[in-house]
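Let me begin by presenting the structure, written as structure tokens, before commenting on it.
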Amino acid sequence: MEDYKTIKGLRSLPEFERIIKKITLYPNDETIKLEENEKVFLLSSAIILSKNYSMDKRYQSYAELAYYIILKYSLITNDFTPLYDFAVNFGFYPIAKSLVEKEKIEMDSIINYNTQARIEEEFKFNNLIETYNQKEIRNSILESESNEICFIAPTSFGKSSLIVEDIKKNLKSRNKISVIVPTKSLLTQTFRMLKKEIPRRKIILHDEMYENETEFLSVLTQERALRLLQKNGALYFDTLYIDEAHNLFNKDSRTILLSRLIRLNKKRNPNHRVIYLSPLISNSDNLRFDIEQDIVEQKIDFNMKEPEIYELCSDSTIQKYNRFIDKFYPFGNENSFLSYIYKTKRNKNFFFLTAPRKIEMFAKQLYDYLPSSHTTDIELEKVAENLKKYIHEDFYGIHYLKKGIVYLHGKLPDHIKEYLEYKFQTLNSIHFLVANNVILEGINLPIDSLYILSVHALSAERLTNLIGRVNRLNMIFNSSNEDYSLLLPNVHFVNTHEYGRKNGKMSHKIRQLRTGRFPDEINNPLLLEFDMDKFDVEKDVDLKKLETAKKIISEETFILGEEVTTGIDKLKKKMIELGMNTVYNMSDSLCELLLSRITKKEDMIEDCIISEIQTIFVNGLDSMIIDEEFARLKNHDAISYYENFISYSKKKSLKENIENVLSHFRIRRESNNSLMYMGGSYGEVPYDGINSPGTLYMLN
């Protein structure tokens, strides 16, 4: 980190700070010109920085600043020779090849011709040009005999293609292979990729698709992969690919399941191969859950993209951030955040918010602000008709499509999300995407500009991952593109009263991006490097966290330990495997009580399954239930609603199910009983839960 302190200190040099300010504000001030002495100063600075990095590779930020200076210089002066020279010497071969193809430089020597021929011959892979580090690391991973490898690289640096190549290479020796993706949204995308490249091998997308095959590929979430192993006691995977592996550092229930999957698979197959893939891990050793693990790290440190970071402040001023010298430069103001968005928008714009209710609210506000089009887009009309036909005529998303807006969040059914994602990818007339974390991980979408309207619970690592979605490299270096400013993707932090905090400032969050590198924050107690000593037991908050960590370790030890023999232990194990330890405060006495109730119940009445669940798993257990949403099943209205929904939904389409739910809402409203549980994402009226308040939504 000393190199960042040194670079930040350069702003104390008046000439350096003046010229850096000048190139930072380009292209917002298109009148900027560089004098000859300024050109010499910039290029000399870049050379000195590059040489210092060459002498000591720990000073990575020197090389990053040199690249930034040269890229800005080339865009301002239209002289791309320095950028070409840097790209060749630094191994950024996609840039070098593209500059030659687009005739941005003159090929005036035999050396240049030989360089281009070598790049084409040695670094072309799958019709794309790789960087030097990409090729070196890809080959190293493919040739490695290590059982555990961690590939760390910026977004769009070929992690998906590496999975395909590694599978192909090991297809004959490793018969049962699984790619573990963090979200259901990625299942279809990854399936299509594998089906195209490996068409003759069956690909499983769900645990129910397994039919005792001895050879298969699978694309699964951790939940589905675990169910597959638990249903088939002798089954194991030969190879696991863990996408977005940095999620293992978290402590949430899904992360615990992912840890359990890897540990269970290793227990059944000690020789399994695991490849962890992530853009965010600092030290691969932090992924270990066993001291005997040896995870080989392969890392690409440098990114060819350097974001242009803007902030629209609460007082309507606009500033631009230079992360190298950690300074904001003011350059104007704008009356409203909507006018700012309209003036800075590009072809494909992504707006990031967190809560689904806020997402839909912003989509409506954006729709109301944008001017209407006087032409009819046939493709958009087709999308609208499909949504009307298969969802509902009153679906808000249909209306917003008229102005090229789609919104996505986790409350939308998966197939609707996938359909809208696909249309955003393929239709040029859809210019605006409003979404939250559903596209943070892995979804490949064409995004030219990013607008961040909420930084709530958005860590620096997740923010970096989000920014990486803008201007993916395959978009920048496609055959028709000549805009090298795409290497400087536009990222706008927009402060608003409606979607952020009143008089809020995002500058503190922006400054966290300064180094681009972050220490791993290990909150998963199942990992070897988790620090139990960090908790202060004198503080109630820390004591609760410590107790939670110990409980997680105890339950996972129980799950993966010796085979259990008693009925109580078998039930307890099954309940933990099913995630019911997040519903109940697990104990032997609870399991004993539930087992006695289950034993007494000879047959379940199929038409009253929710009532049966209430009788066995809810009644009289208030003190043992820790999930207030589940605890609502003690209420007659909740039982009535779910039994109606289950019995109806079996035979009906999505559109019919939606109409059935709306009909239920209308009846409740007419009976002056209009409070309906909607969860925290939509609810507006506090719900008096069993421990902490949930939310209800008041139907009008």
Side-chain angles (χ1 to χ4, degrees), residues 27-28 308 310-314 316-318 332-388 391-409 412 416-417 419-436 438-439 445-454 466 469-471 475 483 486 489-500 506:
N28 306 96
E308 299 265 56
Y310 302 85
E311 183 183 19
L312 175 65
C313 303
S314 296
S316 299
T317 59
I318 306 167
N333 57 72
E334 191 59 51
N335 291 331
S336 77
F337 74 93
L338 287 167
S339 63
Y340 175 80
I341 287 168
Y342 188 71
K343 289 178 181 178
T344 58
K345 66 180 173 57
R346 303 189 78 170
N347 184 49
K348 292 284 188 177
N349 306 277
F350 170 40
F351 302 90
F352 179 86
L353 297 99
T354 50
R357 188 160 55 90
K358 292 290 183 73
I359 287 171
E360 295 185 15
M361 191 171 96
F362 175 76
K364 180 182 186 305
Q365 194 172 10
L366 181 64
Y367 175 85
D368 291 339
Y369 182 84
L370 293 174
S372 299
S373 173
H374 299 294
T375 59
T376 300
D377 188 290
I378 296 174
E379 291 297 328
L380 285 183
E381 288 290 322
K382 288 180 181 177
V383 175
E385 286 303 314
N386 283 334
L387 293 174
K388 288 178 184 177
I391 303 176
H392 197 275
E393 293 83 355
D394 295 331
F395 176 44
Y396 298 148
I398 298 170
H399 187 58
Y400 304 151
L401 267 173
K402 295 175 184 177
K403 295 185 180 179
I405 302 169
V406 296
Y407 67 81
L408 303 172
H409 53 69
L412 289 174
I416 296 175
K417 289 206 300 283
Y419 178 69
L420 293 175
E421 284 167 3
Y422 175 72
K423 290 303 177 183
F424 181 76
Q425 282 179 308
T426 55
L427 295 185
N428 199 47
S429 50
I430 300 180
H431 301 294
F432 308 100
L433 170 64
V434 189
N436 57 8
V438 295
I439 72 159
L445 296 174
I447 298 169
D448 300 320
S449 282
L450 168 64
Y451 295 84
I452 299 170
L453 285 86
S454 172
L466 179 63
R469 303 289 155 202
V470 188
N471 295 352
M475 295 164 49
D483 185 3
L486 294 177
N490 289 333
V491 179
H492 305 268
F493 289 80
V494 181
N495 289 282
T496 65
H497 300 322
E498 297 94 325
Y499 307 105
M506 297 187 185

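Closest of all the heavy-atom pairs between A384 and I398 is CB-CG2, 3.9 Å. Of all the heavy atoms in V406 and L401, the pair that sits closest is CG1-CD2, 3.8 Å. Heavy atoms only, all atoms of each residue included: E421 and L408 are closest at CG-CD1, 3.5 Å.
Annotation: side chain of Y369 is in contact with side chain of S339 (closest heavy-atom distance under 4.5 Å). In this structure, L387 and L420 have side chains that are in contact, with non-hydrogen atoms separated by less than 4.5 Å. Residues L380 and K402 have side chains not in contact (no heavy-atom distance under 4.5 Å, counting atoms from C-beta outward). Y419 has its side chain within reach of N386: a pair of non-hydrogen atoms, C-beta onward, lies under 4.5 Å apart. Taking the side chain as every heavy atom from C-beta outward, I391 and K388 never approach each other to under 4.5 Å. Between N28 and I318, the closest side-chain pair of non-hydrogen atoms is not below 4.5 Å.
When the side chain to side chain contact (heavy atoms under 4.5 Å, CB included) test is applied to D394, the partners found at least two apart in sequence or on another chain are H392. Evaluation of the side chain to side chain contact (heavy atoms under 4.5 Å, CB included) rule for N347 yields N428, H431, D448 as partners, not counting sequence neighbours. Residues satisfying the side chain to side chain contact (heavy atoms under 4.5 Å, CB included) criterion with E498, sequence neighbours excluded, are F337, M361, Q365, T496. Partners of V470 under the side chain to side chain contact (heavy atoms under 4.5 Å, CB included) rule, at least two apart in sequence or in another chain, are I447, L450, P489.
Atom CZ in F351 sits 4.5 Å away from atom CZ in F362 (nearest 0.5 Å). Here the CD1 atom belonging to I452 is positioned 3.5 Å from the CZ atom belonging to F493, to the nearest 0.5 angstrom. Once rounded to the nearest 0.5 Å, the distance linking CG of N436 with CG of L353 reads 8.5 Å. Taking CG of N495 as the start and CE of M506 as the end, the distance is 4.5 Å to the nearest 0.5 Å. From L433, atom CG reaches atom CD of Q425 across 10.5 Å, with rounding to the nearest 0.5 Å. Between atom OG1 of residue T344 and atom NE2 of residue H492 there is a gap of 4.5 Å, rounded to the nearest 0.5 Å.
Summarising the local packing, OH of Y342 is surrounded by 12 or fewer heavy atoms from other residues, nucleotides or ligands at distances under 6.0 Å.
Residue pairs that meet the salt bridge (Lys or Arg N to Asp or Glu O under 4.0 Å) test with at least one member in residues 361-375, sequence neighbours left out, are K364-D368. Within the structure, the salt bridge (Lys or Arg N to Asp or Glu O under 4.0 Å) test picks out the following pairs touching residues 345-354 (sequence neighbours left out): R346-D483.
T317 places no side-chain N or O within 3.5 Å of a backbone atom of C313 that could act as its donor or acceptor partner. Of the possible polar contacts, none joining the E381 side chain to the T376 backbone as a donor-acceptor pair under 3.5 Å is found. With K403 contributing its side chain and Y367 its backbone, the two residues share a donor-acceptor pair below 3.5 Å.
Below 30°, between 30° and 60°, or above 60°: for F350 and F352 the angle between ring planes is above 60°, a perpendicular geometry.
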Q) When you look at V434 and Y400, which way does the side chain to side chain contact (heavy atoms under 4.5 Å, CB included) test go after all the steps? A) CA-CA 11 Å; V434 189; Y400 304 151; over 6 Å; no
